[in-house]
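Each remark here refers to the structure printed beneath this line.
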Protein chains: 2
Amino acid sequence: MPSAADSLFKALADPTRRAIFERLTRNGEQTVHALTACAGVSQPMVSKHLGALRRARLVRHRHQGRETHYQVRPEALAPLVDWVSHYADFWQNKFDRLEEVLERLEDTHQRSDK
Amino acid sequence: MPSAADSLFKALADPTRRAIFERLTRNGEQTVHALTACAGVSQPMVSKHLGALRRARLVRHRHQGRETHYQVRPEALAPLVDWVSHYADFWQNKFDRLEEVLERLEDTHQRSDK
DNA sequence: CAAAACCATAACCGAACGGTTATGGTTTGT
DNA sequence: ACAAACCATAACCGTTCGGTTATGGTTTTG
């Protein structure tokens with residue numbers, strides 16, 4: 001049973017993919033062309049990476065004419081945050097307060113998903 | 001330049017490896033033998049996975065006679081927490097309070113690393 | 001309408017990865 | 001001293017993965 005965090009970890013394990021995600025996070029919606037210009041790899045590779053991010057639901061895409069605009073889905077990070085908060089229990093009681101905050105965040109943002 | 005989070009994401013991307021890490025987190029220090037019993041893969045594979053976790057500095061090992069005891073290094077998760085907190089900025093102002101908490105946690109636990 | 005721009009897919013390649021069995025080195029038990 | 005237990009490494013195998021170039025489909029531009 002592959003957990004929800006699985007596809008996230010896999011998708012973010014590649015540095016190029018993480019860089020794309022980070023760029024989308026910082027600079028907002030971008031076209032494949034714009035992303036390719038800074039990716040350091042070929043356009044087909046960028047498309048592939050975007051496909052992986054899409055399958056992990058980390059990004060959303062929108063067609064407009066001949067270009068495709070990609071955009072981050074920040075709520076998708078929730079399972080990752082959840083995992084970290086759960087398995088960082090070594091940071092014991094101090095973490096209890098953190099989990100409270102996280103639960104509220106998930107309640108607030110995960111709804112837009114279903 | 002592979003970031004600090006890189007090896008962490010890679011190490012945790014594999015479900016078997018994550019299960020080992022989670023088991024070590026929940027049940028504390030364990031021998032390779034004990035871990036193999038629940039891993040669902042062969043002992044050599046467990047050793048390999050432990051090697052990967054070790055290279056990511058997620059676990060520490062200690063030889064005692066013919067057995068090797070493995071133990072989690074929770075501080076190693078800090079770069080991951082850092083990454084998440086940084087790129088989840090979309091959870092804007094609500095996240096500011098979270099970051100406060102995280103920074104205090106890192107101050108408390110990351111020191112034992114250097 | 002023809003050419004160029006934008007993107008996705010296909011075909012292909014080498015490297016890395018997750019898995020196995022086989023082996024060998026220590027350490028423990030009899 | 002010998003056998004068994006514990007672990008790591010080696011050798012090997014199929015698959016996945018990150019990368020490329022080539023191609024084709026839309027849409028925009030001249």
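Quick note on labels: first sequence line is chain A, next is B, and so on, each numbered from 1.
Residues forming a ring-ring contact (aromatic ring centres under 6.0 Å, His included) with B:His69 (at least two apart in sequence, or on another chain): none. By the side-chain contact (heavy atoms from CB on, under 4.5 Å) test, B:Arg66 pairs with no residue at all, sequence neighbours left out. Residues satisfying the side-chain contact (heavy atoms from CB on, under 4.5 Å) test with B:Ala19, not counting sequence neighbours, are none. With sequence neighbours excluded, the residues that form a salt bridge (Lys or Arg N to Asp or Glu O under 4.0 Å) with B:Glu29 are B:Arg62. Take B:Lys10 and apply the salt bridge (Lys or Arg N to Asp or Glu O under 4.0 Å) test, not counting sequence neighbours, and it matches B:Asp6. The side chain to side chain donor-acceptor pair (under 3.5 Å) search around A:Arg54 returns A:Tyr70, not counting sequence neighbours.
Atom CG of B:Asp6 and atom C1' of D:dG18 are 13 Å apart (whole Å). The distance between atom CG of A:Asp14 and atom P of C:dA16, rounded to the nearest whole Å, is 14 Å. The distance from atom CG of A:Leu12 to atom P of D:dG18 is 12 Å, rounded to the nearest whole Å. At whole-Å resolution of the value, NZ in B:Lys10 and C1' in C:dA16 are 10 Å apart.
Applying the side chain to side chain donor-acceptor pair (under 3.5 Å) test to pairs two or more places apart or on separate chains, those with a residue in residues 41-53 of chain B are B:Arg17-B:His49, B:Gln43-B:Ser47.
Comparing the start and finish of the helix from C:dC1-D:dG30 to C:dT30-D:dA1, five pairs each, the helix axis swings through 10°, to the nearest 10 degrees.
Phosphate proximity of C:dT20 to B:Ser42: present, with a side-chain N or O under 4.0 Å from OP1 or OP2.
Looking at which nucleotide of DNA chain D each of A:Gly65 and A:His49 is closest to, the 5′-most match is held by A:His49.
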Indicate for each nucleotide in nucleotides 4-16 of chain D, in 5' to 3' sequence, whether protein heavy atoms under 4.0 Å reach the base (B), only the sugar-phosphate (S), or nothing (-).
-BSBBB-------
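Between A:Thr16 and A:Ala39, the shortest heavy-atom distance links the atoms CG2-O, 4.5 Å.
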